[in-house]
Amino acid sequence: MDSMYLCNMFKYLEELNGPQREAVLHTDGPLMIIAGAGSGKTKVLTTRITHLMASHKVDAFNILALTFTNKAAAEMKERVEKTMGNTEARNLYIGTFHSVFARILRAEATKLGYPSNFTIYDTDDAKSVVKAVINELGLDDKNYKPNTIYNRISSAKNNLVRAEEYAADQQLIQEDARINKPMFHKIYLNYSNRCFKNGAMDFDDLLLNMHTLLTRFPEALSKYQRKFKYILIDEYQDTNPAQYEIVKLLGAMHENVCVVGDDAQSIYSFRGATIQNILQFNKDYDEVKVIKLEQNYRSTKNILHVANQVISNNKGQIEKKLFTDNVEGDKINLIRTQTDNDEGRMVADTIQDLKLRKHFFNRDFAILYRTNAQSRSFEEALRRMGIAYKIYGGMSFYQRKEVKDMLAYLRVVVNPNDEEALKRIINYPGRGIGKTTMERAILAANTNNVSMWDVLTRASMYGFRASTLEALQDFVTMIQMFQSELSKKNAYDIAFMVGKDTGLVKELFNDKSVEGLQRYENVQELLNSIKEFTETPMNTEDGEVGEKDLGAYLQQIALLTDPAEQEQDGDVVKLMTIHASKGLEFPVVFVGGLEETIFPNAMAINTREDLEEERRLFYVAVTRAKKLLYLSFANARYRFGQLQQNESSRFLEEIPQEYIDYKLAGSSSRAQSSNMGSAYERMHRGFAKPSEPKREGSNVYSSLSARPKTVEHVPSENFVASDLKALRAGQKVEHLKFGFGEVTKMEGAAHNPIATIQFKLNGEKKIMLNYAKLRILDDE
DNA sequence: TGTCTGGATGTTTTT
DNA sequence: CATCCAGACA
């Protein structure tokens with residue numbers, strides 16, 4: 001069949017350009033698609049899936065499509081369903097790596113010694129286990145910071161280095177000894193054992209255990225190799241070595257592996273992703289077809305030029321030239337404000353203005369930022385102006401205390417060995433089982449090498465005093481009663497019963513405060529989502545999925561951040577991190593906080609690799625915009641409760657001036673940064689400009705730990721803020737909060753002067769005179 | 001055992 | 001500025 005004939009036969013092919021169509025029609029054999037931003041890669045993927053089913057009669061059950069985010073998976077599924085026009089698409093294996101593997105592992109867990117109802121630990125649970133292990137080993141958690149340790153464990157797992165292997169590797173042990181963490185391997189081992197004993201897998205285990213399954217059980221390998229005749233992988237540049245190996249194993253039989261990626265959008269190296277995977281793909285299979293999608297259909301010429309220009313500062317990219325036939329469009333707008341609050345207000349004003357003058361709707365706008373914490377000022381401004389918005393990410397629904405509490409009960413019912421969940425609810429609502437009892441139970445569990453639940457069920461053997469024993473037995477009886485209902489009732493009925501019988505719902509109901517009401521509503525919403533789960537039919541195959549029991553529910557939501565986003569979001573402005581925005585597009589995009597230490601982030605400017613990833617992140621942000629792009633930054637913002645000032649982001653300087661409209665920024669916006677030198681030069685100077693005391697001490701932590709305590713000051717009765725225009729070094733002043741001091745230095749631009757003041761009681765502070773209230777003391 | 005509180009401590013990004 | 005936790009007290 002030649003492509004002309006196919007065109008007539010399959011209408012969907014007509015909508016594709018040359019390379020896109022080629023990618024769809026190359027059905028068999030390894031295929032790598034290098035897809036620039038906005039080049040229609042989702043369209044290619046979904047059309048490819050449709051084509052496989054419609055033209056090649058491939059069964060949906062034999063197609064595996066892996067994505068990185070739930071959002072991307074949902075979108076792909078929806079689009080295939082739409083083009084197919086039937087329900088076949090439901091049988092596709094489309095999902096994130098983690099969710100697809102969780103689904104498979106649920107069917108295969110017993111092979112690996114896990115219960116099929118294994119719990120999935122989120123990052124909080126995992127860190128809590130790490131912490132417990134560190135304490136039990138009697139190690140100092142100042143040196144062994146749970147966060148750092150967890151990250152290192154995670155990174156080991158992402159590189160397929162298992163705990164036993166780690167502990168046996170002398171080089172790694174020596175490396176740890178050098179950085180004064182000689183016991184790391186022991187923590188890793190204990191952590192892994194503890195999770196296993198609890199019948200729990202953390203996020204990384206879902207990959208690691210999938211790999212174990214495929215390598216240790218040949219029949220499992222061959223089963224899934226045969227099953228997945230066609231494999232498609234989105235965002236291939238973001239795969240880590242574990243994912244890479246698994247894909248290689250799964251695809252080895254049919255070699256119908258199609259990967260789509262863009263090295264310029266690789267932004268997940270902190271999660272172990274390595275760009276090597278995309279560069280290596282050619283070598284893994286004999287005849288790899290490589291197709292480049294270089295035409296951008298999303299953005300205006302101006303936006304695309306800016307993106308191309310900035311990303312060209314990165315070294316070592318895959319050669320490609322992204323172009324567009326779209327209109328030239330408006331210039332990029334630069335917004336500059338005094339503070340983060342002003343930034344929020346200015347963005348909200350601009351949105352309002354565009355709605356009125358250019359007839360945009362709320363849903364046309366996205367506000368993107370580097371860190372979740374930045375959402376606050378935008379949120380406040382939008383709320384004040386009565387503009388509907390929705391924040392994606394941040395504190396997720398399932399992370400809220402009341403939701404976690406409720407889920408912890410359900411987790412214990414399904415898997416009583418889940419110690420993290422057990423600890424959470426054993427005394428909530430209060431039933432007289434205190435810290436001491438809990439510690440003793442855990443100790444007993446550890447010394448006897450049984451689970452905490454085992455100890456509780458045989459509490460009388462462990463010498464608790466009578467009243468405690470009674471409380472424990474009541475608790476155990478209650479949980480067992482729930483468990484006995486598992487086989488008789490559906491997930492919702494059990495959840496409802498748990499909420500009622502434990503007194504948890506009642507406790508929340510009785511709290512009439514605003515937050516209490518919200519908490520109550522959240523639990524109700526959780527119950528609703530369980531109800532919806534039980535009532536939605538699901539495809540069944542091999543008895544592998546399709547269960548609607550509580551265990552299935554828990555495993556499914558463990559990988560979700562929000563309950564099913566059914567309402568199609570409505571007409572709202574969307575707020576999210578740049579990471580979360582990947583793969584999405586919006587008519588008007590605002591990117592906030594373009595300041596040094598925020599974007600690029602202070603954590604990511606010490607190596608070229610880190611900085612280049614920040615730049616790719618900026619590239620991702622810019623290329624989300626279709627029509628209008630606004631970049632904003634504030635001279636100062638509140639961080640850790642103090643007003644901190646920042647220079648504008650170096651990325652702004654990498655944009656050619658002719659693409660920028662400065663009318664909202666003021667003409668001086670580049671003046672203060674013009675003497676900074678190029679990014680390249682600054683990189684070779686190590687970024688630390690001697691004239692910038694805020695970067696003293698070379699890292700964030702040293703300046704944090706050096707933060708002085710504020711000694712409260714009671715202002716003088718006659719305190720009147722002076723006019724500070726004439727303030728000069730040497731003068732003595734009184735500050736409302738910091739007390740008396742002497743000005744040692746004046747700096748900053750004329751419209752934004754900054755005084756360094758040595759306070760008698762509070763040490764040296766930098767004070768922005770535009771905001772501070774100071775009384776100049778008369779010369780004595 | 002439960003509750004209160006002051007002091008320390010922390011902000012990257014996500015499954 | 002929030003949140004968390006250890007230690008004080010009821």
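Labels below follow one simple rule: chain letters A, B, ... track the order of the sequence lines, proteins then strands, and each chain is numbered from 1.
Rounded to a whole Å, the CG atom of A:D125 is 16 Å from the P atom of B:dT15. Atom-to-atom, NZ of A:K157 to P of B:dT14 comes out at 20 Å; the value is rounded to the nearest Å. Atom CD1 in A:I605 sits about 18 Å away from atom P in B:dT11, given to the nearest Å. Atom C1' of nucleotide B:dT13 and atom CD1 of A:I267 are separated by 8 Å, given to the nearest angstrom. Regarding A:N151, its CG atom lies at a distance of 14 Å from the P atom of B:dT14, rounded to whole Å. One atom, CG of A:L584, and another, C1' of B:dT13, lie 15 Å apart when rounded to the nearest Å. Atom pair A:D234:CG and B:dT15:C1' shows a separation of 15 Å (rounding to whole Å applied). When rounded to the nearest whole Å, the span between NZ of A:K127 and P of B:dT15 equals 14 Å.
The nearest pair of heavy atoms linking A:L643 to A:A636 is CG-CB, 4.0 Å.
Mapping A:R431 and A:F68 onto DNA chain B by nearest heavy atom places A:R431 at the nucleotide closer to the 5' end. Where A:T468 and A:F270 each meet DNA chain B at their nearest nucleotide, the meeting point lying more 5' is that of A:T468.
For the pair A:K582 and A:Y268, the NZ or CZ position fails the cation-pi test of under 6.0 Å to the six-membered ring centre and within 45 degrees of the ring normal. Remark: A:R103 qualifies as a cation-pi partner of A:Y93 under the 6.0 Å distance and 45° angle criteria applied to the six-membered ring. For the pair A:K248 and A:Y244, the cation-pi test (distance below 6.0 Å, angle within 45°) is failed.
Close to B:dT15, at under 4.0 Å from its OP1 or OP2, lies no side-chain N or O of A:T69. Regarding contacts with the backbone of B:dG2, a side-chain N or O of A:N427 is found under 4.0 angstrom from either OP1 or OP2. Proximity of A:N372 to the phosphate of B:dT14: a side-chain N or O atom is located under 4.0 Å from OP1 or OP2.
Shown here is A:E470, whose CD atom has no more than 12 heavy atoms of other residues, nucleotides or ligands within 6.0 Å.
No engagement by A:K582 is indicated, since no non-hydrogen atom pair under 4.0 Å with the nucleic acid exists. Within the nucleic acid shown, A:G432 comes within 4.0 Å of sugar-phosphate atoms alone, with no base atom in reach, counting heavy atoms only. A:D122 comes within 4.0 angstrom of nothing in the nucleic acid, heavy atoms only. Backbone-only contact: A:Y268 has heavy atoms under 4.0 Å from sugar-phosphate atoms and none from a base.
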Please list, pair by pair, any protein nitrogen or oxygen found under 3.5 Å from a nitrogen or oxygen in nucleotides 2-6 of chain C.
residue	atom	partner	partner atom	Å
C:dC5	OP1	A:K131	NZ	3.0

Checklist entry - Checking side chain to side chain donor-acceptor pair (under 3.5 Å) for the pair A:R162/A:T212: CA distance, chi angles, key distance, verdict? => result CA-CA 10 Å; A:R162 292 164 173 82; A:T212 310; 2.9 Å; yes
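Closest to the side chain of A:K145, from the set B:dT15, B:dT1, B:dG10, is B:dG10. Considering only side-chain atoms of A:R465, the nucleotide from B:dT1, B:dT14, B:dT11 that sits closest is B:dT1. Side-chain proximity of A:T96 to B:dT15, B:dT1, B:dG2: nearest is B:dT15. Taking only side-chain atoms of A:N147, from C-beta outward, the nucleotide of B:dT11, B:dT15, B:dT14 with the closest atom is B:dT11. Distances from the side chain of A:H98 to the nucleotides B:dG2, B:dG10, B:dT15 place B:dT15 closest.
With sequence neighbours excluded, no residue forms a ring pair (Phe, Tyr, Trp, His ring centres under 6.0 Å) with A:F203.
Between A:D202 and A:K157 there is a salt bridge, with a side-chain nitrogen of the basic residue lying less than 4.0 Å from a carboxylate oxygen of the acidic one. With respect to the salt-bridge test (charged N to carboxylate O, under 4.0 angstrom), the residues A:R376 and A:D340 qualify.
Contact check for A:K435 versus A:M438: no side-chain heavy atoms found under the 4.5 Å cut-off. Within the 4.5 Å cutoff, no side-chain heavy atoms of A:N427 are placed close to those of A:T437.
For residues 436-443 of chain A, proximity to DNA chain B is found at A:T436, A:T437, defined as any non-hydrogen atom under 4.0 angstrom from a strand atom.
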